[in-house]
Amino acid sequence: MTQSSAKRYNWDSLIEMAGILTNGDQKAMGEIAQLVRGVFAAEHREWCEEMDVMDGNDPHEQTRDIFAYWLTGYLALDDEDKNKDKNPSAEFGAYIDWKEMTEEVVAQLTAADKQLGYSLDFEKIAFSGEEFTDQALNVIGNYLLSKGFALLSLNTNSDCYHLFVIQDKDRDRLTRLAQDVDFRFVKFGGTS
């Protein structure tokens, strides 16, 4: 696809989306602003190289994948002192496999919740112990809906989930912003 035939997106929407997904974290919003301005890859070269997000993907997929992995706090580089400032500085979501153990999902969402400052106490969720990943995500989603929050996954067309917890009142706004850039969020729990 040539540049002239490529669909143009209002990437500025990503900054507000990041604000919703990170509960207004200014540093994360600034990093996504780098993505919008086209300087993210230069500023975070080693992380992007390790993630292999700059090779072969179309620009839309590159942007979506960087957005998703960075905001979930994906550590692409070894967690050593020399890489301390090269990985994302915080986890605002959870990156999980399609067959993740429920305990790991809860642990990652608990870590994200600490960064988000919502105090959601995921340990209070009652699981039967028989839930497969998607069922466990719906149980978590229903728990969050009862507290005024929503559990969403940014669809990256892969066999993993990029999970985010947001205030449910912001869900419609996030959905409209995501449409501006052809991103799709899936909600867990409830009916829609």
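Computation of the quantities below employed the complete heavy-atom set of this structure, encompassing side-chain atoms and omitting hydrogens, waters and symmetry-equivalent molecules. Numbers for residues simply follow the sequence, beginning at 1.
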For the hydrophobic clusters of this structure (ILVMFWY residues joined by side-chain heavy atoms under 4.5 Å, transitively), does one cluster hold both [X] and [Y]?
{"X": "F132", "Y": "V139", "result": "yes"}
{"X": "L152", "Y": "L145", "result": "no"}
{"X": "L137", "Y": "W98", "result": "yes"}
{"X": "L71", "Y": "V39", "result": "no"}
{"X": "V165", "Y": "V186", "result": "no"}

Out of curiosity, [X] [atom1] to [Y] [atom2], how far, rounded to the nearest 0.5 Å?
{"X": "F67", "Y": "I15", "atom1": "CZ", "atom2": "CD1", "result": "10.0 Å"}
{"X": "K147", "Y": "S119", "atom1": "NZ", "atom2": "OG", "result": "10.5 Å"}
{"X": "E50", "Y": "L75", "atom1": "CD", "atom2": "CG", "result": "11.5 Å"}
{"X": "S158", "Y": "Y95", "atom1": "OG", "atom2": "OH", "result": "6.5 Å"}
{"X": "F164", "Y": "M17", "atom1": "CZ", "atom2": "CE", "result": "8.5 Å"}

**Item:** side-chain contact (heavy atoms from CB on, under 4.5 Å) evaluation trace for Y161 with D134
**Value:** CA-CA 10 Å; Y161 297 99; D134 58 340; 4.0 Å; yes
**Item:** Full working for side-chain contact (heavy atoms from CB on, under 4.5 Å) between I140 and L163
**Value:** CA-CA 11 Å; I140 295 167; L163 299 174; over 6 Å; no
**Asked** Less than 4.0 Å between a side-chain N and a carboxylate O, is that true for D97 and K99?
**Response** yes
Does the plane of the ring in [X] sit parallel, tilted or perpendicular to the ring in [Y]? Use 30° and 60° as the thresholds.
{"X": "F122", "Y": "Y143", "answer": "tilted"}
{"X": "W11", "Y": "H60", "answer": "tilted"}
{"X": "Y118", "Y": "F149", "answer": "tilted"}

Closest non-hydrogen atom pair between [X] and [Y], with its separation:
{"X": "I32", "Y": "A18", "answer": "CG1-CB, 3.7 Å"}
{"X": "A111", "Y": "E91", "answer": "CB-OE1, 3.9 Å"}
{"X": "D170", "Y": "I166", "answer": "C-CD1, 4.1 Å"}
{"X": "A76", "Y": "N87", "answer": "N-OD1, 3.0 Å"}

**Prompt:** What salt bridge (charged side-chain N to carboxylate O under 4.0 Å, His left out) pairs are there with at least one residue in residues 10-22, not counting sequence neighbours?
**Reply:** E16-R173
**Request:** Would you check, one step at a time, whether the test side-chain contact (heavy atoms from CB on, under 4.5 Å) holds for L109 with L151?
**Result:** CA-CA 10 Å; L109 288 173; L151 178 64; 4.2 Å; yes
**Option passing side chain to side chain contact (heavy atoms under 4.5 Å, CB included) with Q167 (candidates L116, L174, N23)** = N23
**Message:** For F92 and W70: C-alpha separation, side-chain torsions, deciding distance, then whether ring pair (Phe, Tyr, Trp, His ring centres under 6.0 Å) applies.
**Reply:** CA-CA 9 Å; F92 295 102; W70 190 263; over 10 Å; no
**Asked** Looking at Q34, K86, E49, which one forms a side chain to side chain donor-acceptor pair (under 3.5 Å) with H44?
**Response** Q34
**Request:** Take I125 and T102 through the side-chain contact (heavy atoms from CB on, under 4.5 Å) test and state the conclusion after the steps.
**Result:** CA-CA 11 Å; I125 301 174; T102 301; over 6 Å; no
